[in-house]
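Throughout, a chain's letter reflects where its sequence line sits, starting with A, and its residues are numbered from 1. Note: hydrogens, waters and symmetry copies are ignored here, and every other heavy atom, side chains too, is used.
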Amino acid sequence: MKNERSATVSKILNFSCVDGPGNRLVIFLQGCNFDCKSCHNPHTIGQCDSCGLCIPSCPAQALSLSEPYGSGVIHWDTDLCIKCDACLEACPKQASPKTRQYTVTQLLAVIRKNSPFITGVTVSGGEASLQLMFIVDLFSALKSSPDLQHLSCMLDTNGSLSESGWHKLLPYLDGAMVDLKAWQTETHKWLTGRDNHRVFRSIELLASRGKLYEVRLLHIPGKSDFDSEITALAGYLQRLPSSTKIRLNAFRHHGVKGEALEWQTCSEADMTALAEGLTKLGITSLVLPSAYL
Amino acid sequence: MTSQDTFSRIVTDTSLTPKQKSNYLALEAEASLPYPQVSSAVRQAMDSGIICDMFEGHAPFKPRYVLPDYAKYLAQGSKYLELEPARNLDEAINALTIIYHHVPSVTNIPVYLGQLDELLMPYVAKLDDETIYNKLRLFWIMLDRTLPDAFMHVNIGPSDNIICRTILRVDAELKQVAPNLTFMYDPDTTPDKLLQQATDNICECSKPHIANYPIHAQTFDDSGFGIVSCYNSLPLTGGANTLVRLNLKQVAMLAIDTQDFFSNTLPYYSQLMYELIQARSRYLHEESHFFTSFLVEEGLILETRFAPMFGIYGMAEAVNCLLGETKASSKSYGHCETANELGYRISAALDKIVKSTPVTYGYRGRALLHAQGGISLDKDVTPGVRIPYGTEPDPVTHIQALAEHHQYYSSGISEILTIDETVKSNPQAMYQLCKGALSLGLREFTANVASNDLVRVTGYMIKLSDIAAFKQGGSRTNTTGLGAEAAANTGILDRKPRVTSHEQAPCYES
């Protein structure tokens, strides 16, 4: 196929029970437009510009430039890679060199190989919607493949996509999981670098179309404001369709960089307190973490 | 140590029950008898650990696994046991309870309790669901408490019926180690909802195993089959007279290269395996008088339906050794196409050997190939054709890497998939994984839902130990808590002393 769109993929998981209904094949796309202090996967934020600074950090010589420094493209040899992640530490741009380009056709082959095991496909990130037209192409290809059209198509997003963007995707989308990082705009801005107006608009738009599968709240004790703003938050969540799951995620330090490493992690007790508060205010569809780390 | 010292240590061992002591004493007595005559080559191969008789004993006086025709027994009663034919569910359960104590096996405890739903359905009559539930619940508790051995195995399915559904309900509630349970799945017969109940049970208590009914049924004749002990598929009304196993790792280490493995070392040691199989089964069939028991006289077992099992283990190490892979890498068995292909070639070669080698006492004159699940004495060698513990890829890749082997191992093969506990809140995923595995040709689907070292966080798999090193101090309680939950889920840690058996710990190690 000529001029087929391709996407930058940071990882593919062929078995996940936490990224939507049933078993999911999850495609993580590289790149994010939020800059969350609490990001658990900061190496998925940036885009690699093949500067080559990661090359010397690799103890297994799995990274190379196909051309001399400055003009080439980073090559990652998966056979040599020992998965030590030293390159992620070395990168100044929070951009993993361990990404691969996939065309829709190539991803369909991966999905087809795993199709007996999965209920559907979830595109996640980074922020997947930054490569929106690729997702539209992928989902529409899935929906028009007789052997794959039974698979549900889900999107895991920070909710920053514009209304017109959603309209392009909605015909092929079965549901979305949206992160709401904070209730107050100011808190949201401080945590992510962006305000949350678009996030609310995305949630409402998806809800009105029956495609809001899940709202995710990352609880960071003393930093995110879900506990202090619990009444307003619960009032808002209660107006969402009753089928929408409200998933509470616990902040932890794994993968986190910078000042957030000094923050207190979310204990089981912190989480229980928030969940009980929300339950008292009438939120019934809560999903809590099954492990605290 | 003299025999008397050993006897004395067994008798005074503080960790064994009187019954377990009797068992070990009997084993020692049997071990004092001369071994069936074998050549010095076989003796040497056994001494160096290439061939193993599974510690079945020197003078086999009972088959390894016995699968009586319990339906016939219930229908005709038993002269020997002075029992009339069963007329209702109480009598059927009572009659089964009695005969279980007369069905021998290598563990001295029956390894096969029957296709219980099929067996009991004719006696259900007009009993209501709650009555059936109460009777089966008591039956289940009785089995676990009086026959404490996790190799005692019940089969249910593939059809949907009240006994099948109630057993699944009771099993998930009681979460007992015993009995072991296999649910037969047939896409043409089993409703999705029933399979869903079975896979929900796996999330709840890591039981049952799900067997691929059409594949097993094709392997055996119309007289049927059963799944017994851990994962042994055998002819009904028959069983396994012996199980001898070959350590593929050692066979590979003795080969100069892959070519030498296929043309010399593998055929040579397979031939020694057959010599041992013949010697052991000849003693059982010709010397022990086992086949004059009431089980034979009353037609509950037929001598002609017993077969030796040709077991293998250490496939992973054999492949890695032949490919020169000394440590786990992306080129190792289970992770790389080339390594996996070599594994399939070895399985195909074994299949050819087993299908073309006649035995005196066999099923259709042959032994049955078996991927042996390991015993507690195995060190640095992986059971059957499994991927070494701790190096398993994700469950889907895991299944895809091993499915190809399953066509060859007619008397049983199994992988244990470890699924992280997040599946508990999404049991649909277990169902889908199971269906996918069976559609790819797995004979048996087994998953442990463990709160083990590997957990998932927002999509990525991470290791708790990784986090522990990262966090220090604080995470220890969590790990302990999760570990305790794993113990509670699988029931293994806290109940180990009660399930000591000849198969798990085949000899007395002081």
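Note: Met430(B) CE to Cys17(A) SG = 8.0 Å, rounded to the nearest 0.5 Å. Atom OG of Ser425(B) sits about 6.5 Å away from atom CZ of Arg247(A), to the nearest 0.5 Å. Here the straight-line distance linking atom CG of Asn426(B) with atom OG1 of Thr119(A) works out to 7.5 Å at 0.5 Å rounding. Here the straight-line distance linking atom CD1 of Ile118(A) with atom CD of Gln432(B) works out to 8.0 Å at 0.5 Å rounding.
A side-chain contact (heavy atoms from CB on, under 4.5 Å) with Pro116(A) is found for one member of Val396(B), Leu440(B), Ile399(B) and no other, namely Leu440(B).
The contact list for residues 79-90 of chain A toward chain B, using heavy atoms and a distance under 4.5 Å, reads Asp79(A) by residue number.
Counting heavy atoms of neighbouring residues, nucleotides and ligands inside a 6.0 Å radius, atom CD of Glu259(A) exceeds 12 of them. Within a 6.0 Å sphere centred on OH of Tyr213(A), other residues, nucleotides and ligands contribute more than 12 heavy atoms. Counting non-hydrogen atoms of other residues, nucleotides and ligands closer than 6.0 Å to NZ of Lys245(A) gives a total of 12 or fewer.
Lys113(A) and Gln400(B) make their closest contact through O-NE2, 3.0 Å (heavy atoms, listed as atom of the first residue, atom of the second, distance). Nearest approach of Asn14(A) to Thr397(B), heavy atoms of both residues: ND2-OG1, 3.2 Å. Shortest non-hydrogen contact noted between Phe15(A) and Pro395(B) is CD2-CG, 3.6 Å.
Inter-residue side-chain proximity for Leu13(A) and Asp394(B) is flagged as unmet; no heavy-atom pair is nearer than 4.5 Å.
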